[in-house]
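Let me begin by presenting the structure, written as structure tokens, before commenting on it.
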Amino acid sequence: MYDFKIEAADKATLYADLASALEGLVAGESDGIANMANTTALIMETLPDLNWVGFYRNIGGELVLGPFQGRAACIRIPFGQGVCGVAAATRQVQRVEDVHAFPTHIACDSASNSEIVVPIMRDGELIAVLDLDSPSLARFDEEDEAGCVRLGEILSAAI
Ligand code: SME
């Protein structure tokens, strides 16, 4: 049984504790699907104010839905389309305060109002993106971005 009780007073500590928990969770396990699945559970349990968290994997130059928590989502996203597709095409974090103002945003859950998508790279190649959605506008700030980038670095060798 895993029982991570992460209750940090400030966001930097919260993400540091989350990163440590994630490192422990994926340590010694080589199955990427298992590690992605557990990662989504850990993030959903730890970070407040999320309605969806999950992975899209780079399968032959197209994003394909991976393990997630939340409502059923669109399965395939072309590079360049939506917040995830732009993150995949540019290899840059996309932090969107209001998804309804993002030109090609793909609405999978009408509850989502803000979103952050982190590219996950390995050996210079994009392997997946990690997508977090919130029902609150501007839910993700620079500290969230730094924290999620750190999670992506840990996941690079684990998925
Ligand atoms: N909103 C995303 C699509 C994926 S869902 O949020 C789960 C996008 O625009 O890429």
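Sequence positions, counted from 1, serve as the residue numbers for this chain. Atoms within each ligand, like the ligands themselves, are counted from 1 in listed order. This one's a predicted model, so the numbers in the text were calculated from it and none came from an experiment.
Donor-acceptor pairing under 3.5 Å is recorded for the side chains of Thr13 and Asp10.
Salt-bridge formation is not detected for the pair Arg139/Asp133: no Lys NZ or Arg NE/NH1/NH2 atom is positioned less than 4.0 Å from an Asp or Glu carboxylate oxygen. Ion pairing of Arg95 with Asp141 is absent here, as no side-chain N (NZ or NE/NH1/NH2) approaches a carboxylate O to less than 4.0 Å.
Here side-chain hydrogen bond (donor to acceptor under 3.5 Å, both in side chains) pairs that include residues 73-84, with residues two or more places apart or in two chains, are Glu62-Arg76.
Side-chain atoms of Val93 and Cys148, non-hydrogen and from C-beta on, never get closer than 4.5 Å to each other.
The minimum heavy-atom distance linking Ile159 with Arg122 is given by the pair O-NH1, 2.6 Å.
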May I have every N or O pair linking ligand 1 to the protein at under 3.5 Å, one per line with atom names and distance?
{"residue": "ligand 1", "atom": "1 (N)", "partner": "His105", "partner atom": "NE2", "Å": "3.4"}
{"residue": "ligand 1", "atom": "1 (N)", "partner": "Ile106", "partner atom": "O", "Å": "2.8"}
{"residue": "ligand 1", "atom": "1 (N)", "partner": "Glu115", "partner atom": "OE1", "Å": "3.1"}
{"residue": "ligand 1", "atom": "1 (N)", "partner": "Glu115", "partner atom": "OE2", "Å": "3.2"}
{"residue": "ligand 1", "atom": "6 (O)", "partner": "Asp131", "partner atom": "OD2", "Å": "3.3"}
{"residue": "ligand 1", "atom": "6 (O)", "partner": "Asp133", "partner atom": "OD2", "Å": "2.8"}
{"residue": "ligand 1", "atom": "9 (O)", "partner": "Val83", "partner atom": "N", "Å": "3.0"}
{"residue": "ligand 1", "atom": "9 (O)", "partner": "Ile106", "partner atom": "N", "Å": "2.9"}
{"residue": "ligand 1", "atom": "10 (O)", "partner": "Val83", "partner atom": "N", "Å": "3.0"}
{"residue": "ligand 1", "atom": "10 (O)", "partner": "Cys84", "partner atom": "N", "Å": "2.8"}

